[in-house]
Amino acid sequence: MKAGKTFFFIVFVFFVLGMVSSLFPKNGISVGSQQLYFPSLEDVLKKETIINISQKINEMEKSFRMNDSLIQAYQDSLAFYTKFFQAHPSRFYFPDNNWNFLDYLFEDLDSCKARKEIIHILHYGDSQIEGDRITGYIRQRLQEKFGGIGPGLIPAVQSIPSSAIEQTASENMGRYIIAGNFANQASHRRYGALGQVAHLDGNGLVSVVARNWKNTFENVKEFSKIRIYVGNTPANFKANLTLINGKSIVQKLDQRKQGLSVMTWNMPEPVKKFTLNLSGAAEIYGISVDGDYGVAVDNIPLRGSSGTFFTRIEKSTMKSMLEDLNVKLIILEFGGNMMPSIKKEKNVEDYKNRMIQQISYFQDLYPESKILLIGPADMSTKKNGKLQTYPMLEAAVQGMKEAALENGAAFWNMYEVMGGENSMISWVKNKPSLAAPDYIHFTPKGAERIAELFYESLMIYYDYYNFQKDHKQKIEQ
């Protein structure tokens with residue numbers, strides 16, 4: 001058929017269809033039990049409806065695929081967290097397996113910058129954490145993530161060198177410490193959050209300088225907020241803060257005060273050094289050296305201590321300090337010094353009960369903070385001339401774990417994280433060595449390694465906190 005005839009044929013067909021469509025009843029005609037309809041020309045030519053429906057179907061199918069992807073991602077992530085929380089050696093143990101135990105801490109850490117708030121984490125321990133070991137790494141990583149500078153809470157008189165700061169103090173300032181190898185009992189029980197107190201009667205001086213050693217972490221090299229915690233001060237007690245540029249800022253307590261007083265200096269710019277010239281009589285419970293906001297992790301080592309001394313500290317001063325410091329987490333890392341004296345199950349049970357008392361002390365005194373108990377590292381002793389893990393170490397660790405979980409505290413099993421039985425031998429023999437030849441203490445590299453494992457584990461729970469929050473928001477949207 002020629003093109004002209006084809007064209008006229010198509011026009012004729014549309015004309016006929018149009019005539020039939022216009023003459024055919026819109027309600028159709030009945031043929032038996034069926035109702036027949038003839039589409040209008042408008043319906044025949046209307047393609048937009050089909051296109052729109054097709055698009056909607058495609059979009060719906062696409063949304064199904066997206067949801068499937070999200071569900072799969074959620075399930076995969078949840079499977080990862082569940083596996084870690086239930087089986088990983090570096091996991092945290094929580095009361096009632098409550099994986100959200102630390103959510104309140106993460107919420108505060110996330111918001112401390114916006115609120116211009118300082119959050120303190122107290123890290124108590126024995127000689128394993130001396131010199132800012134373990135604590136320093138954890139502090140640096142947390143401050144990098146959530147903000148903050150400075151070493152945190154320090155004593156007025158420091159007898160153990162630290163990689164974070166250099167301190168000097170007047171010889172006329174007496175130092176009293178409640179427990180450990182340096183124990184020197186005061187005539188009272190007002191030791192404060194550091195478990196130690198300095199006595200001043202007359203004039204005294206405390207100087208603090210940020211170190212710049214090779215192993216000094218960056219965030220402790222400057223600070224902008226300085227607080228001194230004093231008690232039992234007469235009228236006219238003075239504290240004169242002098243900076244490296246010679247500028248002095250004097251503060252004075254006009255009236256006699258029996259309880260805790262806090263004197264605060266806020267620097268317009270971060271500084272690396274300051275000196276406090278003190279005049280009068282006072283008990284000095286500590287100096288907090290921080291930034292304007294963020295997290296502070298306080299290194300509080302008590303060499304030779306087993307961590308059973310807290311119940312001997314007067315509560316009023318301790319509580320006031322914890323409140324002013326805004327403490328959100330208290331870490332108790334002990335147990336190693338008990339191992340030589342733990343010979344049988346009764347010794348384990350006795351130590352467990354004493355640790356329960358320490359946990360209860362903080363919970364009753366300051367319920368605003370969570371408690372995290374850390375058991376001892378693996379420790380080696382010789383039996384028949386051969387090095388092996390202390391015979392009762394695993395039982396002692398289990399006792400500490402029960403003390404925590406049965407009394408509303410968390411537990412981190414450092415012995416398990418290291419590798420369990422006889423793992424200390426491997427840490428000593430590692431190249432470079434991660435533990436000292438005494439088969440008890442970590443080397444600096446080993447301390448950093450165990451701190452890294454702790455921090456990374458903590459961040460798994462922080463990620464889980466955000467994972468749940470993000471998933472909840474997607475559901476609500």
Side-chain angles (χ1 to χ4, degrees), residues 52-114 119 121 137-138 140-147 294-295 297 328-329 331 369-375 397-398 400-402 404-420 423 449-477:
N52 287 341
I53 291 173
S54 177
Q55 287 176 342
K56 289 181 179 179
I57 291 174
N58 287 336
E59 289 173 359
M60 188 178 297
E61 289 178 342
K62 184 178 180 182
S63 70
F64 288 161
R65 289 193 294 271
M66 288 177 65
N67 286 340
D68 288 343
S69 176
L70 287 172
I71 290 171
Q72 186 62 49
Y74 172 79
Q75 291 175 340
D76 290 345
S77 297
L78 190 59
F80 165 78
Y81 290 123
T82 301
K83 184 177 180 180
F84 182 92
F85 297 160
Q86 292 180 344
H88 199 280
S90 191
R91 68 192 181 279
F92 286 71
Y93 295 88
F94 297 120
D96 302 319
N97 291 317
N98 178 14
W99 300 341
N100 301 107
F101 184 83
L102 294 174
D103 281 5
Y104 89 103
L105 171 66
F106 300 142
E107 183 179 354
D108 285 338
L109 289 173
D110 276 342
S111 61
C112 62
K113 181 176 181 179
I119 292 170
I121 296 174
Y137 181 92
I138 297 170
Q140 176 68 22
R141 295 297 302 273
L142 287 175
Q143 288 181 338
E144 288 173 349
K145 191 170 189 69
F146 300 106
V295 59
V297 186
K328 297 298 182 180
L329 179 65
I331 302 173
S369 177
K370 295 292 188 181
I371 313 296
L372 171 62
L373 190 61
I374 298 180
V397 169
Q398 181 61 28
M400 293 181 70
K401 179 180 174 182
E402 292 171 0
L405 300 185
E406 293 171 5
N407 295 276
F411 184 75
W412 195 62
N413 193 339
M414 188 158 57
Y415 169 75
E416 184 181 17
V417 172
M418 288 180 65
S423 57
R449 181 63 180 137
I450 203 72
E452 181 181 25
L453 291 168
F454 176 89
Y455 172 80
E456 294 297 341
S457 299
L458 182 65
M459 288 300 100
I460 293 291
Y461 293 91
Y462 174 71
D463 291 342
Y464 179 66
Y465 158 77
N466 284 312
F467 166 74
Q468 286 189 306
K469 186 170 63 174
D470 292 344
H471 183 69
K472 181 180 179 182
Q473 290 173 348
K474 288 175 182 177
I475 291 175
E476 291 175 348
Q477 291 172 355

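For this chain, numbers begin at 1 and follow the sequence in order.
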Original post:
Are the side chain of S90 and the backbone N or O of S457 linked by a donor-acceptor pair below 3.5 Å?
Top reply: no
**OP:** Report the C-alpha distance between D463 and Y81 in whole Å, list the side-chain angles of each, state the deciding distance to 0.1 Å, and finish with yes or no for side chain to side chain contact (heavy atoms under 4.5 Å, CB included).
**Re:** CA-CA 9 Å; D463 291 342; Y81 290 123; 3.6 Å; yes
Original post:
Are any of the side-chain heavy atoms of I450 and M418 separated by less than 4.5 Å?
Top reply: yes
**OP:** Check the angle between the aromatic planes of F94 and Y461 and answer parallel, tilted or perpendicular using the 30° and 60° thresholds.
**Re:** perpendicular
**OP:** From the options F454, F101, W99, select the one residue that forms a ring-ring contact (aromatic ring centres under 6.0 Å, His included) with F92.
**Re:** F454
**OP:** Evaluate the side-chain proximity of L458 to L102: yes if any heavy-atom separation is below 4.5 Å, no if none is.
**Re:** yes
Original post:
CG of L453 to CE of M414: how many Å apart, nearest 0.5 Å?
Top reply: 11.0 Å
Original post:
Does R91 reach the main-chain N or O of H88 with its side chain, forming a donor-acceptor pair under 3.5 Å?
Top reply: yes
**OP:** Answer yes or no: is there a donor N or O on one side and an acceptor on the other, between the side chain of Q143 and the main chain of V295, under 3.5 Å?
**Re:** yes
Original post:
Going by atom types only, do N100 and D103 share a side-chain donor-acceptor pair under 3.5 Å?
Top reply: yes
Original post:
After noting the C-alpha distance and the side-chain angles of K113 and F146, does the key distance pass the side chain to side chain contact (heavy atoms under 4.5 Å, CB included) rule?
Top reply: CA-CA 7 Å; K113 181 176 181 179; F146 300 106; over 6 Å; no
Original post:
Is there a donor-acceptor pair closer than 3.5 Å between any side-chain N or O of D96 and the backbone N or O of N98?
Top reply: no
**OP:** Using the six-membered ring wherever Trp is involved, compare the ring planes of F411 and Y93 and label them parallel, tilted or perpendicular (cut-offs 30° and 60°).
**Re:** tilted
Subject >> Test log, rule side chain to side chain contact (heavy atoms under 4.5 Å, CB included), inputs D110 and Y462 >> reply: CA-CA 10 Å; D110 276 342; Y462 174 71; 2.6 Å; yes
Subject >> Euclidean distance, S111 OG relative to I119 CD1, rounded to 0.5 Å >> reply: 6.0 Å
Subject >> Separation between CG of L372 and NZ of K370, rounded to the nearest 0.5 Å >> reply: 12.0 Å
**OP:** Side-chain contact test, heavy atoms from C-beta onward, threshold under 4.5 Å: evaluate it for I121 versus L142 and give yes or no.
**Re:** yes
Original post:
Is there side-chain contact between E107 and Y465, with heavy atoms separated by less than 4.5 Å?
Top reply: yes
Original post:
At what distance, to the nearest 0.5 angstrom, does CD of E406 lie from NZ of K401?
Top reply: 11.0 Å
**OP:** For residues N413 and I374, determine if any side-chain heavy atom of one lies less than 4.5 Å from a side-chain heavy atom of the other.
**Re:** no
Original post:
For the atom pair CD1 (I138) and CD (E452), what is the distance rounded to the nearest 0.5 Å?
Top reply: 11.0 Å
**OP:** On the 0 to 90° scale, with breaks at 30° and 60°, tag the Y455-Y137 ring pair as parallel, tilted or perpendicular.
**Re:** perpendicular
**OP:** For residues F85 and F80, establish whether the separation of their ring centroids is below 6.0 Å.
**Re:** no
